[in-house]
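Encoded as C-alpha cells, the structure appears first; notes follow it.
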Amino acid sequence: MEMNMSFSHDMGDEYEKFIRRMNPPRVVVDNEACKNATVIRIDSANEHGILLEVVQILTDLNLIIKKAYISADGNWFMDVFNVTDQDGNKITDEGILDYITKSLGPESCFTSSMRLVGVKQSMDHTEIELTGSDRPGLLSELSAVLKHLKCSVVNAEVWTHNTRAAAVMQVTDEETGTAINDPERLSRINTLLCNVLKGSNKSSLAKTIVSNSVTHTDRRLHQMMFADRDYEQTSADVLEDRQKPNVDVVNWYDKDYSVVTIRCKDRPKLLFDIVCTLTDMGYVVFHAKIDTEGPESYQEYFIRHIDGSPVKSDAERQRVTQCLEAAIERRVSEGLKLELCTTDKVGLLSDVTRIFRENSLTVSRAEVTTKDGKAFNTFYVRDSSGYPVDVKTIEFIRQVIGQTILKVKGRPEDLKSVSQESPTRFLFGGLFKSRSFVNFSLVRSYS
C-alpha cells in the first residue's frame, strides 16, 4: 500500500512537471501601462494553491497590491496585479523586477511541494511555535526563560488576537550560534515554555513545538491561530463595529459559486491574509477582483470548496465569515508602535520586554529581526490596564533604553499626558538611574 501511494505521488509530481514544461508560466512586468503602479501579468497552468504562491512572493517583497484581477476557471490561471513600493511609487529596482520574473516565471520550481509554505530543515537555528492565552507580560516571561536556557532569539514574530497569542521564534545556542540539537535540552525548552504559557491556570490550552524546521512565518501564524480557534468571539478584545471588517458570503446558484465580498480598511499584506485563510480552509478562488480607493479596500472572491461545492449551510457561511474577519484583524496592531535598532546582544529581547512589563506596558504584536550583528525590532504596546499609553512612561523607557535606540512611530492619539507622576515611574526610577541599559539585567531562576 505504501509503495503504491509513493508511486502515485511520484507520478503526480512528474505529471505536474510535464504540464508546466508544456505550458511554462509567462510573466510580464510593465511600468508603462499604468500611471501610478507597476503592472504584473501572469499566465500559467492552473493548480491548487498557485494564487497564494504568487501573492506570497509579492508580499514577501513588501510590495503594496493596489488592484488585482484574478481568473483561474478551468486549466489556465491569469492574474493582473497593480503594485507599488511602500512609498506608493512604481517598482524600478532592477533586482526586484528580475526576482519577480524569475520567481513567477519558467525558472521557478516545478513541483508544488517545493513551493508555498512547506517545511525545510535548518542547521542555522531551531524554530519554536507557541500558542496559548494572552496576558500582560507574556512575551517578557517567554524571552526571560529563553535567556535563562542560553537561547538567543534571532528572529521572532508574535501576534495576539481575541485573548489568544501565537508566536514563531527562531533561536540559536548562545555559545555556538547554531541550531540546538540535543533532545534533552529541546525537551526542557519545550516543557518550560509550555509552563509559562499556561501560567497559573494549569488547565488552560497551551501548545509548544520545538524543531529544526523552517516555515513561512506569516502563514504559519495564521494556521496556528486558526487551529487555536481565535475566530470564536469572546466578550473581551472585540473591535468596535466601526472598526470591524465587513464580510459577506452569498451563493450564486446559477454558477455554483459562493461570492465573498470584503470591505475594510486597507493595509499591507491584506490580500495575503485573506487568500492564505481561504486556501488553508480548503477553498479555491476561481475569480477575484481587488480594488483599493484611498484608505478603503474592496475585495470580491468567487469560490468553491476544494470538492467543487459552494458553501452548503448557514453554519459554514458563518464560519467562513468569522475566519476571514479574524484573518483581517490579527495583523491590525492595537497600541503604540515602537521601533528599536541597536547592536544585538545576548538577552536583548528579554531585557527590553522586561522594561516594558515593569512599566505596565503589554506587547500586542512584535517583529524581531537580527542581521549582521544588529537588532531591528518593532513592538506594538498598550497600557496593561487598557488605557492609552502615558507619554511620560514612554519617555522614561526611552531614557532607560536610549532615545536614539528606541523611537516612537505611533500616532499621537495613542499617547496620553498626565499631570501627576506615574507610580510605576516612581517605583523604578531610582533602580534605573544608576545603571545603563546595556549593563542592566535581571537574573531569574526557573526550574
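Starting from 1, each residue takes its place in the sequence as its number.
- Taking 4.5 Å as the limit, some side-chain heavy atom of F272 sits within range of a side-chain heavy atom of R331.
- Using a 4.0 Å cut-off between charged nitrogen and carboxylate oxygen, K147 and D351 count as a salt-bridge pair.
- Considering only residues two or more places apart in sequence or on other chains, Y283 meets the side-chain hydrogen bond (donor to acceptor under 3.5 Å, both in side chains) condition with E316.
- Residues D134 and T163 fail the side-chain proximity criterion, which asks for heavy atoms closer than 4.5 Å.
- When side chains are defined from C-beta on, C276 does not count as touching D218, because their heavy atoms never get closer than 4.5 Å.
- Distance SG/C323 to CE/M225: 12.5 Å, rounded to 0.5 Å.
- Of the possible polar contacts, none joining the N246 side chain to the R263 backbone as a donor-acceptor pair under 3.5 Å is found.
- Looking only at distances, a side-chain donor or acceptor of S364 sits under 3.5 Å from a matching main-chain atom of Y380.
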| After noting the C-alpha distance and the side-chain angles of N155 and H125, does the key distance pass the side-chain hydrogen bond (donor to acceptor under 3.5 Å, both in side chains) rule? | CA-CA 10 Å; N155 293 294; H125 56 254; 5.5 Å; no
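- Environment of CD in Q86: crowded, with over 12 heavy atoms of neighbouring residues, nucleotides or ligands closer than 6.0 Å.
- With contacts defined as side-chain heavy-atom distances shorter than 4.5 Å, the pair V153/V171 qualifies.
- Contact check on R304 versus D256 returns no salt bridge, with no Lys/Arg side-chain nitrogen under 4.0 Å from an Asp/Glu carboxylate oxygen.
- Legend: salt bridge (charged side-chain N to carboxylate O under 4.0 Å, His left out) pairs involving residues 82-98, not counting sequence neighbours, sorted by first then second residue: D98-K102.
- Note that OG1 of T160 is 11.5 Å distant from CZ of R330, once rounded to the nearest 0.5 Å.
- Between F286 and Y257, the ring-plane angle classifies as tilted under the 30° and 60° cut-offs.
- Between R135 atom CZ and T362 atom OG1 the span is 10.0 Å, to the nearest 0.5 Å.
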